[in-house]
Amino acid sequence: CRFFQGVGAYIGASTVFVLMLEYTAVKHRALVNVLYQFSWAVGYLITTLTGYLIKDWHWLASCSGFLYVIVCIPAIIMTAESPRYLLISKNDKDGAKASLNWLLKLTKTDLDLQHITLRDSTETNAEPSFIVTMKDFWKYRELRVQLVIQMFVWMMTAFIYFGFSFSWSALSSNIYISYLFAAAGEAIAYILMVFPLDYLGRKITLVIIFFAGSVTFLTALMPYEIGAPLLWKC
């Protein structure tokens, strides 16, 4: 059951992430992405506090499922479908306009869509985007190289992140305090990422973060025990 819970949770998280970005203008996507990750950290914090109050994991899982039913499902039902999906994948211009009108009402924006013509890729006799993307990967070697690099970076990031997740209990004799610090640190990190992404760009920010992370990870080689004097033992 927990396996299917994990699969369902990641499917839901990925789908919400895609839907959120398709709602967002390009210039605001970095900020929205950080806010999305920050909400993940807040959920991490709430789960830690809830786990402190509810010791039995059966009841803790039941409470999480209950929140899905009373909060997440109604929220998704009340959310309009992605205009991008309706226009490009379904060629449903009326549905796309209806979704955009819902967004206009939500943001209290005064814009008349009746005199705006929506156009999709099929009107220019273009092939579906997936086929075009696969042909580009086959045609351009640089795209394949960049894909492999990004996959490797993401793999190592996931490796380090979950490696830390399995080790947070070592921070304190109280497991809840340990994970409370972990959630707080994650939330602070997401907040600090907003300005570098906007002003330094993605590439420079990644280089700085990975370099700083590499330096701090080297401190793990120091044979130090909690409560012992902070001295390097040769």
Side-chain angles (χ1 to χ4, degrees), residues 6 9-49 72 75 79 82-85 103 106-109 129 133 136-137 140-172 176-222 224 230:
Y10 272 95
I11 290 176
S14 301
T15 304
V16 169
F17 179 72
V18 172
L19 182 63
M20 178 188 66
L21 289 185
E22 291 186 348
Y23 282 148
T24 308
V26 175
K27 65 179 181 179
H28 298 307
R29 285 184 180 177
L31 175 61
V32 172
N33 183 22
V34 171
L35 292 176
Y36 172 80
Q37 300 296 338
F38 179 77
S39 67
W40 182 277
V42 172
Y44 198 163
L45 179 62
I46 294 175
T47 302
T48 303
L49 296 176
C72 297
T79 302
S82 167
R84 186 188 300 271
Y85 165 78
L103 291 172
L106 183 66
T107 58
K108 298 180 180 179
T109 303
S129 59
T133 302
D136 287 341
F137 276 117
Y140 301 106
R141 178 178 177 275
E142 183 63 25
L143 287 177
R144 298 195 299 273
V145 173
Q146 290 297 323
L147 175 63
V148 172
I149 292 174
Q150 297 303 321
M151 290 177 62
F152 176 76
V153 170
W154 184 248
M155 179 185 69
M156 295 307 299
T157 302
F159 176 79
I160 294 171
Y161 178 86
F162 287 104
F164 272 113
S165 296
F166 292 137
S167 305
W168 287 127
S169 58
L171 288 178
S172 170
Y176 299 104
I177 294 179
S178 297
Y179 280 92
L180 187 66
F181 276 112
E186 191 166 334
I188 293 172
Y190 291 137
I191 294 174
L192 294 178
M193 287 303 298
V194 175
F195 297 103
L197 285 173
D198 281 338
Y199 293 100
L200 297 179
R202 280 59 165 167
K203 186 174 181 178
I204 296 178
T205 301
L206 281 175
V207 170
I208 294 174
I209 292 300
F210 284 132
F211 178 77
S214 299
V215 172
T216 56
F217 293 154
L218 291 176
T219 60
L221 298 176
M222 298 177 63
Y224 175 72
L230 186 58

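Within a 6.0 Å sphere centred on OH of Y140, heavy atoms belonging to other residues, nucleotides or ligands number 12 at most. Within a 6.0 Å radius of CZ in F210, more than 12 heavy atoms belonging to other residues, nucleotides or ligands are found. Atom OH of Y85 sits in a sparse spot, with 12 or fewer heavy atoms from other residues, nucleotides or ligands closer than 6.0 Å. Around atom OH of Y161, more than 12 heavy atoms belonging to other residues, nucleotides or ligands sit under 6.0 Å away. Other residues, nucleotides and ligands contribute over 12 non-hydrogen atoms within 6.0 Å of the CE atom of M155.
Checked against side chain to side chain contact (heavy atoms under 4.5 Å, CB included), A13 has the following partners two or more places apart in sequence or in another chain: Y36, W40.
Considering NE2 of H28 and CG of N33, their distance stands at 14.5 Å, rounded to 0.5 Å. If you take CG on L49 and CG on L45, they are separated by 5.0 Å, rounding to the nearest 0.5 Å. Interatomic distance, L35 CG to I191 CD1, rounded to the nearest 0.5 Å: 9.5 Å. The distance from atom CE of M193 to atom CG of L200, rounded to the nearest 0.5 Å, is 9.5 Å. Distance OG/S82 to CG/L21: 10.0 Å, rounded to 0.5 Å.
Residue pairs satisfying the side-chain hydrogen bond (donor to acceptor under 3.5 Å, both in side chains) criterion with at least one member in residues 190-205, sequence neighbours excluded, are listed as follows: E186-Y190. Among residues at least two apart or in separate chains, side-chain hydrogen bond (donor to acceptor under 3.5 Å, both in side chains) pairs with a member in residues 142-157 are E142-Q146.
The shortest non-hydrogen separation linking I11 to T15 is O-OG1, 2.8 Å. Between T24 and R29, the closest heavy-atom pair is O-NE, 3.3 Å.
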Show, in sequence, the C-alpha distance, side-chain angles and deciding distance for I46 and V42, and conclude whether the side chain to side chain contact (heavy atoms under 4.5 Å, CB included) test is met. CA-CA 6 Å; I46 294 175; V42 172; 4.0 Å; yes
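Counting heavy atoms from C-beta outward, P83 and L103 have side chains that approach closer than 4.5 Å.
For the pair T216 (side chain) and G213 (backbone), a donor-acceptor distance under 3.5 Å is present.
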